[in-house]
Participant: 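Can you read through this structure? Questions will come right after.
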Amino acid sequence: MKMELTLEKAKELNATMVTEDHLLLHAANVSAAMEAMAEHFGADKEHWAAVGWLHDYDYEKYPEEHLAHTAEPLRKAGVAEEDIRAILSHGYTICTDVKPETDMEKSLFVVDELTGIVQAAARMRPNGIKDMELKSFMKKWKDKRFAAGCNRELILQGCELLGMDIHDVAQIVIEGMKAHAEELQLTGSEA
C-alpha cells in the first residue's frame, strides 16, 4: 500500500534509524534546501522536503553500505518507488549507479553536499545564515580548504545535470536554509 510521503511521515520513518544529532541536523538542512528547490521548480514543497529529510535513512547504521539498506524497508513502509529512486540517486557515482534524472533527483544530488558548505559558512558568521549573501558564500566556496569534506566536483556535476549555475543553486539553497534558520541552529552567536 502506497502512502503519501509527508514531512511528518518522513520524520517518523527516519527516527526509526537515525538518532545522532549531526545526522538529524543534516536531514533538516537537506529538507530545507529541497523545499526551496521544489519552489524553484514549481513542485510540491512538502513532498520534496520529506524526501530530503529521509535521504540518509540507512547511513547511521550502515555507513560503509550507505543506501544498500534503504529501498526494501522504505518499500515495506509504503514509500513510493519514485521517492525511493530519488533517495538512491543521491548516491550516484559514490555508492549507487542510479543516475539522477528528474528535477527532484538532481536537486537532492546537489543539495546533499552543498548544504554542508552553506552550513559551515553560516556557522562562522556572527548572525549565522540570517544575513548571509551569495557573494560571501562564493568566497568560501572558492577556498578548497574550507569545508574540504564537501565534494565540490559532485556539486558542480549536479548543477550541470540541472542545467543551472552554481551561483543560482547556492542562492536558492541559502534562501531555503534562511527560512529555517532557528531549526537549523544557524542564527549565529548574536542570538
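The residues of the chain are indexed from 1 along the displayed sequence.
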Participant: Taking I117 as the starting point, is it possible to reach L154 by hopping between hydrophobic residues whose side chains are less than 4.5 Å apart?
Facilitator: no
Participant: Only one of L184, V173, V118, L114 clears side-chain contact (heavy atoms from CB on, under 4.5 Å) with N29; which?
Facilitator: L184
Participant: For the CD atom on E39, are there more than 12 heavy atoms of other groups (residues, nucleotides or ligands in this structure) within a distance under 6.0 Å?
Facilitator: no
Participant: Counting only heavy atoms not in E72 (residues, nucleotides, ligands), do more than 12 fall under 6.0 Å from its CD?
Facilitator: yes
Participant: Before accepting this row, confirm whether a basic side-chain N of the pair E101/R85 lies closer than 4.0 Å to the acidic partner's carboxylate O.
Facilitator: yes
Participant: Applying a strict under-4.5 Å side-chain criterion to I, L, V, M, F, W and Y, I'd like to know whether L108 and L7 cluster together.
Facilitator: no
Participant: Are the side chains of K106 and T102 in touch, meaning some heavy atoms are under 4.5 Å apart?
Facilitator: no
Participant: Would you check, one step at a time, whether the test ring-ring contact (aromatic ring centres under 6.0 Å, His included) holds for H55 with H66?
Facilitator: CA-CA 10 Å; H55 81 286; H66 182 35; 7.5 Å; no
Participant: Does anything in residues 46-65 pair up under salt bridge (charged side-chain N to carboxylate O under 4.0 Å, His left out), and if so which pairs, sequence neighbours excluded?
Facilitator: none
Participant: Do I172 and M164 have side chains that approach each other closer than 4.5 Å (heavy atoms only, starting at C-beta)?
Facilitator: yes
Participant: Do other residues, nucleotides or ligands put more than 12 heavy atoms under 6.0 Å from E183 CD?
Facilitator: yes
Participant: Restricting to pairs with a member in residues 110-121, which pass salt bridge (charged side-chain N to carboxylate O under 4.0 Å, His left out), not counting sequence neighbours?
Facilitator: none
Participant: Can you pull out every ring-ring contact (aromatic ring centres under 6.0 Å, His included) where at least one residue sits in residues 142-180? Sequence neighbours excluded, please.
Facilitator: none
Participant: So does A86 get a backbone contact from the side chain of S89, meaning a donor-acceptor N/O pair under 3.5 Å?
Facilitator: yes
Participant: Answer yes or no: is there a side-chain heavy-atom contact under 4.5 Å between K9 and V79?
Facilitator: no
Participant: When you compare the side chain of I87 with that of E105, does any pair of heavy atoms fall below 4.5 Å?
Facilitator: no
Participant: At their closest point, which heavy atom of A121 faces which heavy atom of F137, and how far apart are they?
Facilitator: CB-CD1, 4.2 Å
Participant: Can you confirm whether E175 sits close enough to K178 that some side-chain heavy atom of one is under 4.5 Å from a side-chain heavy atom of the other?
Facilitator: yes
Participant: For K144, does the NZ atom have more than 12 heavy-atom neighbours from other residues, nucleotides or ligands under 6.0 Å away?
Facilitator: yes
Participant: Is the CD atom of E153 crowded by more than 12 outside heavy atoms at less than 6.0 Å?
Facilitator: no
Participant: Mind listing the closest non-hydrogen atom pair of A120 and A147 along with its distance?
Facilitator: CB-CB, 4.1 Å
Participant: More than 12 heavy atoms of other residues, nucleotides or ligands under 6.0 Å from CD of E8: yes or no?
Facilitator: no
Participant: Less than 4.5 Å apart, any side-chain heavy atom of Y59 and any of L23?
Facilitator: yes
Participant: When rounded to the nearest 0.5 angstrom, what distance separates CE in M138 from NZ in K142?
Facilitator: 5.0 Å
Participant: Using the rule that Ile, Leu, Val, Met, Phe, Trp and Tyr join whenever any side-chain heavy atoms are under 4.5 Å apart, tell me whether M104 and F109 fall into a single cluster.
Facilitator: no
